[in-house]
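Everything on this sheet refers to the single structure shown next.
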Amino acid sequence: MDLSRTRILIVGAGQAGARAAEALRDAGHCGSITLLGEEQHPPYERPQLSKAMLINADEEPRFIRTSQDWAAIDIELGTSSPTVAIDVNRRAIGLSDGREIAFDRLLLATGTRPRRLRDLENCGLRVCYLRCIDDALELRRSLVQGSKVVLVGGGVIGLEVASAAIARGCEVTVLEKAERLLPQVGSPTLSAYLERLHSDRGVAICCNVSISGATAKGIALSDGRTIPADLVVVGVGVEPAVDLARQAGLKVDQGIRINSSGMTDIDGIYAAGDVAEQWSGWHGRWMRVENWANAQNQAIATARSMVGQDNSYAAPPWFWSDQFEANIQVIGHPGGADEIVRGDVARGRFTTISLRDGEVAGAVTVSSPKDMALLRRLAASRKRVNPSDMANPAFDLKQALAS
Ligand SMILES: Cc1cc2nc3c(=O)[nH]c(=O)nc-3n(C[C@H](O)[C@H](O)[C@H](O)COP(=O)(O)OP(=O)(O)OC[C@H]3O[C@@H](n4cnc5c(N)ncnc54)[C@H](O)[C@@H]3O)c2cc1C
């Protein structure tokens with residue numbers, strides 16, 4: 001088969017689907033490319049939905065390209081077009097309106113959906129989730145001066161919304177069932193810093209709590225307290241959108257299983273982005289990575305392998321978060337009692353580094369992006385570093401890369 005002329009279909013018009021479509025054209029693919037999404041919008045950037053879009057009343061969504069720009073590179077974009085079935089034998093997908101589209105190569109980039117707390121939804125409280133433009137616009141309208149906003153979940157989404165809600169004059173409470181904020185990251189130094197940052201700005205932080213019930217007036221905790229709420233925003237993680245993949249008989253575990261080239265266990269069908277689970281040589285386990293950089297870079301690498309260019313993707317996971325004035329960046333898996341701290345935690349400008357077998361296994365930077373640029377390179381290089389150098393604030397991290 002002349003791969004450059006195959007019919008390529010992409011299901012899921014988010015970060016991964018959109019970047020894969022562009023990368024296919026960049027790689028010289030001349031066959032048809034169809035990009036299908038269930039949302040009514042062309043592909044857009046999600047990170048600003050919990051940041052600038054909530055804080056600034058006139059902030060517009062950031063589209064990756066306009067509909068006309070997709071047409072200009074000869075990509076057929078179908079919005080409001082949910083795919084409801086995949087026929088693996090006939091190599092065709094079915095849309096909700098009954099149409100069928102045939103493919104030679106298929107990429108599943110269906111992303112994730114927020115995990116829902118259905119018990120809370122039925123108590124007369126206003127409960128929101130945040131994943132798409134429409135969620136962000138609705139939430140922005142609700143963040144009004146003096147309203148009582150309760151965030152369920154002290155992870156990245158909860159803390160970014162808390163920061164935006166304070167900027168809009170709301171009274172904000174964060175409920176987290178773990179002992180500390182952002183427990184997923186695993187850095188005790190970062191969690192302690194965030195607790196202070198948010199408390200200083202007026203956020204009421206309640207860690208180590210569990211919800212026992214709710215009424216139209218607020219949320220009841222199992223320690224007997226009731227937290228009054230006009231609005232509850234739930235940020236308790238996501239679930240991969242794997243229903244189509246399961247129905248098609250693809251191998252699915254925590255996500256759609258792919259090899260190092262992005263292909264599933266069925267020839268010609270690929271997956272990328274939040275929905276895909278890939279072996280990480282860096283971590284030594286299967287992993288689904290939920291961040292912007294992975295969605296983009298894994299999708300680009302997968303697009304190249306779809307058209308026969310030898311490509312494999314491997315990189316330590318990296319993400320950022322903006323809360324109040326702090327820019328937080330995390331690479332790999334930080335944490336542990338022996339994390340090395342450089343800089344000034346009290347002043348909100350610091351770096352933590354976690355080593356495993358002498359290599360950088362994880363790191364956090366707070367408002368220190370230059371350190372993160374070097375630590376990303378160090379982590380990817382798997383160079384062994386000297387712990388006392390890392391702990392010495394006068395040691396220039398560049399030297400560790402050069403050695
Ligand atoms: C509010 C928010 C803030 C974030 N902030 C950051 C950040 O600061 N830093 C960071 O690194 N990451 C951040 N992320 C994560 C990052 O945006 C995601 O990792 C990235 O968007 C994943 O891209 P994706 O294309 O794999 O999935 P998605 O962006 O979820 O796109 C998947 C698309 O597929 C569509 N779809 C699903 N099923 C079907 C179907 N059957 N038919 C058709 N279409 C379908 C979905 O509707 C969706 O549009 C944030 C995410 C959110 C929600």
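One-based numbering, in listed order, for ligands and for the atoms of each. Just so you know, residue 1 is the first one in the sequence shown, and it goes up from there.
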* To do: Tell me which protein heavy atom sits closest to atom 41 (N) of ligand 1, plus the residue, atom name and distance to 0.1 Å.
  => Thr83 O, 3.0 Å

* Asked: Does the Arg342 side chain pair with the main chain of Asn392, one donor and one acceptor, at a distance under 3.5 Å?
  -> yes

* Is the shortest N/O to N/O distance between Lys51 and ligand 1 below 3.5 Å? -> yes

* To do: Using heavy-atom distances, let me know which of Trp320, Tyr44, Tyr129, Phe319 sits nearest atom 7 (C) of ligand 1.
  => Trp320

* Asked: Does ligand 1 have an atom under 4.0 Å from some heavy atom of Leu244?
  -> yes

* When only distance counts, is Asp274 in polar contact with ligand 1, meaning an N/O pair under 3.5 Å? -> yes

* **Sub-4.5 Å side-chain heavy-atom contact between Glu100 and Asp87** => no

* Considering only the protein, which heavy-atom contact is closest to atom 47 (O) of ligand 1, and what is its distance? -> Glu38 OE2, 2.8 Å

* Asked: Do Ser187 and Glu339 have a side chain donor and acceptor closer than 3.5 Å?
  -> yes

* **Beyond-backbone contact of Arg46 with Arg131, side-chain heavy atoms, under 4.5 angstrom** => yes

* What residue and heavy atom of the protein are closest to atom 38 (N) of ligand 1, and at what distance? -> Arg113 NH2, 3.2 Å

* What is the nearest protein non-hydrogen atom to atom 17 (O) of ligand 1, stated with its residue, atom name and distance? -> Arg46 CB, 3.4 Å

* Considering distance alone, does some N or O of Trp292 sit under 3.5 Å from an N or O of ligand 1? -> yes

* Under 3.5 Å, N or O to N or O, is Asn291 touching ligand 1 that way? -> yes

* Gly37 N/O under 3.5 Å from ligand 1 N/O -> no

* Asked: Applying the salt bridge (Lys or Arg N to Asp or Glu O under 4.0 Å) test to Arg113, which of Glu38, Glu39, Glu239 qualifies?
  -> Glu38

* Asked: To the nearest 0.1 Å, how far is atom 25 (O) of ligand 1 from its closest protein heavy atom, and which atom is that?
  -> Ala16 N, 2.8 Å

